[in-house]
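Working notes for the structure below.
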Amino acid sequence: MSRRRVKNIALNDDEDYDVDESFGHSFEDEPAFGVSPATASAYLFVRDKDTGGRITQPPLPDVKEEPPQSAPAPQMARLHVATAGPAHSVKVGFAGAVAVSPSVPSPSPRLLSTKQQQQQQAASSASNSRSASPAPPRKNGADPDSAGGDSTEASATEAYKRYCAGLGDRAMINLVIIGHVDAGKSTLIGHLLYLLGAVSQKVIHRYEQECRKAGKPSFQFAWVLDESEEERQRGVTMDVARSQLSTPHRLVNLLDCPGHKDFIPNMISGAMAADAALLVINATRGEFESGFDQGGQTREHALLARGLGIGQLVVAINKMDTAKWSETRFAEIRDKLGVYLKSVGFKPDCVSYCPVSGLEGANLNKPLSAELCPWYASGPTLVDLIDRLTPPPRSVDKPLRFYISEVSTGGRGTGGSGAVTCFGNALSGYAAPGHKLLLLPANQRITVKAVTSSGQDASAAAGPAIFAGDSGTISVSGGGVDPAHFGPGSVLSSVTMPCPCTNRLRAKLLLINVSQPVTKGYQAIFHQQAVSVPVTIIRLLAQINKSTGQLERRHPRYILSNCCAEVELQLDRPLCLDVYTNSRELGKFMLRDRGVTVAAGTVLCY
Amino acid sequence: MRLIHKDINKDRSGQVTLLPENPEDMWHAYNLVRVGDRLRSTTLRKVTTENAAGTVSSQKQRTTLTVLVESVYFDVQGCSLQVKGRNAEENAYVKMGAYHTIDLELQRKFTIVKDEWDSVSLDRVDEATDIARHADLSAIVMQEGLGHICLITSSMTLVRCRVEVNVPKKRKGFQSSQLDKAMQRFYEQLYQGLNKHINFGIVKCVILASPGFTKDDFYEYCFRQAVKEDNKVLIENKPKFVLVHSSSGHRQALKEVLEDPNIANKLADTRAALEVKALADFYSMLKSDPSRAFYGVKHVEMANENHAIEVLLISDSLFRSNKIEERRRFVKLVDSVRENAGQVRIFSSLHPSGEQLNQLTGVAAILRFPMHEPDDSDIDDDYGPTDGDGNGLDYPTNAAS
């Protein structure tokens, strides 16, 4: 395409250009998403006629595999369907009837929660537990990769045993802090870190002086997390800040999100990695009301949190000192929120409330004194409530999926110069140095050089490794690796069970708030984990009843708010996603348009 | 475009001679020239001559050729039109029936001879030769790490340049200087793109749109740089810059930019704004009273039979179909709507609203009174204009690769 363009601009060129070369194709025939041949070859996808023109992954290089015997077969078969035949040219058109087999749920995964893991370790030997879990089929010995892979599989549970032992009896949990702008999220967390000793008194003192000089007194705690110049200058959090704190029973990874409407994409990428949420509410009269209105972020954040699968919520009603710790105000806010959260889908027993003051530090880790707040004197502190959150089961046994949200090349870091360091979350599985992994969607083999994890230091006895549920970095050795292939949205996955990657998918959407009816051709932005990609709705397949799941209408002409529908989506570029039943994190997405969240969706098949 | 000569007979055949002056005129020409017409224009032909000694020499010869059009190709980025066909008139250098490709050039007139000038084509000639010059706008939509530089004319929205830079996010132990460096790199590339692609002579207004504070930062960066490099053109055009809020940096944000009230008065009577408004009206009608908003060929034709159409929204890609029956069908639809005192809005496929209408099968209508929707079960799901093989017509897109 670029070749053509250069020739056309050179109108006065006396060279005779080849008239017949690719003539007769108007610009209307070009691929709809404007992929140049260079980009297409970088992604190495083939359009397969059998699957109705959707992009499927090419066959994996060099991995000899015995045909998968068990239920994963249909899912794997789809990936290898393009083994025969040359690459078809990328053709766009409305596909005819697409024969898509319904998604087959993977065999019941052995999601080992920490407790079960410990019991298992006590009861049986490592090899027994390994054979019990649905290990991906591997050839014995002949495959050089799986030779290393076998031993790593066996040592997976060993390492996990040691990792859990290293954590003590503390489970790890990822907590995201959400709430309307100026609710006091950053200040609350900063103060909490200070009280629990993660930040020294000297640092706070220094920040206090700096912010007074800058004309923003009382921001000293927020500055613990808002580190960039611009955030400090403007007094807003713009991007998700990470930190860690330890409570008596939990090791908590904190993700402080921006509250501004414009930064919601950043908030989505932060919330995707979380297991529970801390919703911060401003109790000041007038502020709560404006935050809770239709335009405020309290509702939208709660909705997004629910839509992204977060089930547990701690509501911290902040700035109670301005509301003079009045019980009526607290009760009023709690009731209003309770109704709303229930309608959004949070179960009432998974939501807990507590009054706090982030700036003063009241009720954060020390309980309130009776004179200050008689009606709550014996209630749990914020740290107590965080401690009670239950971490979800970690699917360490599933094939590795490490989702990359950031890439940096060379420089300091565990890899040394020339290496590529990927920051991200492990969604499932386990990775350690020496493992061979597959980078998608670029379809490259890489070897892990070094690993750091938020769950432990590199010097921990368990040895460096990253498990499902951790965030951390994976450094990849420099030789033969092209840093351009790495980027946010790429997934490092196990070689034998790679992560599916596609640009056309069938999904179930729950429309939340659309200003205009959704028809064929509706364009929005698709947010999944750390990436956002423009998307078009190609077909409306069916309208489904929200609560019963019954089919209401086939091929509706349009869909309105608060309806549930099955649609076919086409993305502008291929993304790594998976069916929702296989992988919750990769199968969930949000659609946003014009700054408003339009729909929450799950992937049905691709 | 200037109209040089127009000669239409009673049986609707005839010829029109036009002189294109700017790239947008090429887009109008692309919508006029169809397969089966004849195009006469001056062009270069490579002529080989053999002299007495037997040596063969070839040279470029400029000549006027009439070509029976077989295919038409339009390059969006370069706005050039190439018409391929067989020679239909005797010529000193080219045999009858020999193939030739005419590359239409600016400032050189061409003549289109058609067997049937329908109302839509004649309207387009009128529109193209309209003297009033509409505003040309330039818009830069951006977000952290992604930016599009676009040119909006009355019938085209072209993405001139796309800048994508990997900007690292915050993380623990984070060096804020890394983020700043990456953003500076991003602004630098945008700045260069701005200087290269935006012609400040034509453009009346430069819109900077982004969520958050990116646009303000870029604005400051831009003029700091301009002062540093002593870029007089940019400094003189400073008042043309307008800062607008958008929800993202993707191409779709252009729609929001066009709807913004601050910009609306600058656009005023531009087609882009009218189209966006018409489509928004359609969607709001679809939401409030679905039986008064139809889309799809069969539905709209049925509504037309009952004289129910008040506003017809139709995409110009339907009139570019190669099959004359298709074109006639849509022209008939347009004519009958006009006869029934309805309004017709023809959407340009290069505007974002036109693209959206294309996805919605290309034709939609707002009705005067509610009508019962025809049964959907006997209508094929993916209907719409098709080419001879039964494949769906690929609608034009406007992606900068």
Side-chain angles (χ1 to χ4, degrees), chain A residues 1-2 4-5 8-9 11 14 16 19 23-30 32-36 39 92-94 227-230 234 238-243 260 262-263 265-266 405-408 423 487-488 516-517 519-521 523-525 532 534 536 539 555 557-558 560 592-595, chain B residues 46 60 71-78 80 82 84 99 101 103 105 166 168-172 174 176 178-180 211-213 217 245 247-248 250-252 256 280 283-284 286-287 290 295-296 317 320 356-361 373 376 381-382 384 391-397 399-401:
Chain A
M1 198 146 72
S2 55
R4 229 186 264 150
R5 199 186 323 145
N8 286 330
I9 285 178
L11 287 175
D14 280 338
D16 198 11
V19 157
F23 206 79
H25 305 293
S26 176
F27 74 104
E28 292 176 350
D29 294 344
E30 277 165 19
F33 42 89
V35 172
S36 69
T39 323
V92 175
F94 291 95
E227 287 175 327
S228 83
E229 249 332 292
E230 203 178 352
R234 295 188 195 262
M238 284 166 55
D239 206 347
V240 175
R242 296 178 156 274
S243 57
H260 256 96
D262 285 337
F263 301 120
N266 294 339
S405 53
E406 271 311 314
V407 177
S408 81
F423 301 81
Q516 42 173 251
T519 54
K520 197 158 73 161
Q523 289 180 334
I525 315 245
S532 63
T536 318
R539 281 162 76 174
H555 300 302
R557 306 279 287 171
Y558 55 86
L560 297 170
R592 299 193 83 233
D593 183 31
R594 291 163 194 254
Chain B
K46 206 169 186 185
K60 284 276 168 75
S71 66
V72 188
Y73 170 73
F74 182 72
D75 178 31
V76 182
Q77 286 303 320
S80 69
Q82 289 165 3
K84 174 167 143 179
Y99 275 99
T101 305
D103 198 345
E105 296 162 45
N166 192 8
K169 306 245 167 38
K170 253 161 67 162
R171 40 175 192 279
K172 205 164 172 191
F174 170 74
S176 126
Q178 280 181 348
L179 169 64
D180 288 338
F213 307 109
D217 289 342
H245 180 269
S247 70
S248 77
H250 295 282
R251 269 191 60 231
Q252 301 172 338
E256 295 165 46
Y283 273 112
S284 57
L286 188 61
K287 182 175 181 186
Y295 67 89
S317 63
R320 269 185 258 120
Q356 197 169 359
L357 186 62
N358 276 334
Q359 294 277 351
L360 200 55
T361 73
E373 274 185 33
D376 271 339
D381 204 23
D382 289 329
N391 303 321
L393 248 195
D394 296 331
Y395 293 116
T397 55
S401 57

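In this text, all values refer to a predicted model and were calculated from it rather than measured experimentally. Below, chain A is the first sequence line, B the second, and so on; all start at residue 1.
Of all the listed residues (H245(B), Q252(B), Q356(B)), the one sharing the greatest number of non-hydrogen pairs under 4.5 Å with chain A is Q252(B).
For the atom pair L357(B) CG and T519(A) OG1, the distance stands at 9.5 Å (nearest 0.5 Å). A distance of 4.0 Å separates NE2 of H250(B) from CD1 of I525(A), quoted to the nearest 0.5 Å.
Only the side chain of R234(A) comes within less than 4.5 Å of a heavy atom in chain B; its backbone stays farther off. Only the side chain of T536(A) comes within contact range of chain B, with heavy atoms under 4.5 Å apart.
A pairwise comparison of heavy atoms in K520(A) and L360(B) identifies O-CD1, 3.2 Å as the closest pair. Contact detail for G521(A) and Q359(B): the closest heavy-atom pair is CA-CB, 3.1 Å.
Under the 30°/60° scheme for interplanar angles, the aromatic rings of F263(A) and F213(B) are found to be tilted.
Q516(A) contributes no side-chain N or O that, together with a main-chain N or O of A280(B), makes up a donor-acceptor pair within less than 3.5 Å. Without hydrogens or angle criteria, Y295(B) side chain to R557(A) main chain gives a donor-acceptor distance under 3.5 Å. At least one donor-acceptor pair under 3.5 Å links the side chain of D262(A) to the backbone N or O of G212(B).
The side chain to side chain donor-acceptor pair (under 3.5 Å) check on S248(B) picks up nothing, with sequence neighbours excluded.
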